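Notes follow the structure.
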Amino acid sequence: MFVDSHCHLDRLDLTPYDGDLDLALQAARTRGVHRFLAISTSLEGAPNLAEIARRHDDVDISVGLHPLHEVAVEPDSEAIQDCADRYGAVAIGETGLDFHYDSVPRETQHRRFVAHLQAAHELELPVVIHTREARDETLALIRQHIDPKVGGVLHCFTEDLDMAREAVRSGFYISLSGIVTFASADALRDVARQVPLDRLLIETDSPFLAPVPYRGRPNEPQWVVEVAESIARERGITVDEVAMQTRANFYRLFPGSAPDARADNPFG
Ligand SMILES: [Zn+2]
Ligand SMILES: [Zn+2]
């Protein structure tokens with residue numbers, strides 16, 4: 001039983017499924033994927049994702065504003081909290097810092113990230129963090145704002161083992177995507193081998209970053225299985241072990257997503 005810990009279900013290419021999201025999810029369920037965490041990239045996207053979660057028992061949502069999403073008005077921590085509360089989010093994000101691009105100025109990204117960290121702190125929700133070429137700044141803000149008892153995940157991790165170890169020390173999980181299957185990703189496969197197994201998550205980040213052998217096609221949640229297979233190969237363990245461990249890790253980090261938590265969630 002696999003969990004796709006990070007997918008953008010409102011942005012999938014549903015052409016192969018006649019436009020029916022449930023068929024795309026069904027294709028994943030058939031391969032053993034039994035839970036999906038749908039990630040918002042803007043607060044305006046949250047109602048649509050909440051509606052998807054309402055229609056599918058195995059979908060939960062995270063609410064946040066992506067560091068590179070341009071907006072007219074920056075949401076403050078209260079606005080993020082209200083949105084997460086209203087739509088039954090089990091996590092805050094995706095948020096973070098991406099200094100690879102400068103479509104959103106670094107200072108704005110920084111302020112926006114802090115607002116999310118404060119919201120997560122207030123709501124005691126884990127944080128889904130996007131970080132690229134902003135290693136020291138990301139780690140510093142995590143150390144400053146994150147309650148290690150609540151924690152979070154560095155999603156679609158592409159940095160080095162040192163950063164992974166630092167994040168784990170701060171109570172974080174490391175989530176690997178299809179990039180781990182890319183021929184050029186030797187350094188990331190090193191991370192896949194060395195991060196403690198009880199700190200690893202798996203994700204697709206679909207529709208982005210389809211794994212080998214599907215590279216170049218729009219990614220789908222079902223291909224989280226290929227990510228798990230790649231990690232299993234690297235660590236010399238079975239795919240079942242990777243599935244079991246990453247699933248246990250997922251529910252430890254996102255307790256609001258555990259099956260017995262859903263009874264209290266009107267959007268569950
Ligand atoms: Zn991201
Ligand atoms: Zn994402």
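Counting starts at 1 for both ligands and their atoms, in listed order. Along the sequence shown, residues are numbered consecutively beginning with 1. Treat the numbers as computed from the prediction; the structure is a model and nothing was measured.
You'll find the ring centres of His145 and His121 outside the 6.0 Å limit.
Rounded to the nearest 0.5 Å, atoms CG (Leu201) and CG (Leu176) are 9.0 Å apart.
Protein N/O/S atoms closer to the Zn ion (ligand 1) than 2.8 Å number 3 in this structure.
Across all their heavy atoms, Ser257 and Val90 have their closest contact at N-CG1, 3.9 Å.
Taking the six-membered ring where the residue is Trp, Tyr251 and His34 present perpendicular rings, their angle passing 60° and hence far from 30°.
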Report, one line per pair, each donor and acceptor closer than 3.5 Å where one atom sits in a side chain of residues 204-212; sequence neighbours left out.
{"unit_1": "Thr204", "atom_1": "OG1", "unit_2": "Asp4", "atom_2": "OD1", "d": "3.4"}
{"unit_1": "Thr204", "atom_1": "OG1", "unit_2": "Asp4", "atom_2": "OD2", "d": "2.6"}
{"unit_1": "Thr204", "atom_1": "OG1", "unit_2": "Ser206", "atom_2": "N", "d": "3.1"}
{"unit_1": "Thr204", "atom_1": "OG1", "unit_2": "Ser206", "atom_2": "OG", "d": "2.9"}
{"unit_1": "Asp205", "atom_1": "OD1", "unit_2": "His6", "atom_2": "NE2", "d": "3.3"}
{"unit_1": "Asp205", "atom_1": "OD1", "unit_2": "His8", "atom_2": "NE2", "d": "3.1"}

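Annotation: cation-pi geometry not satisfied between Arg31 and Phe2 (NZ/CZ under 6.0 angstrom from ring centroid, within 45° of ring axis).
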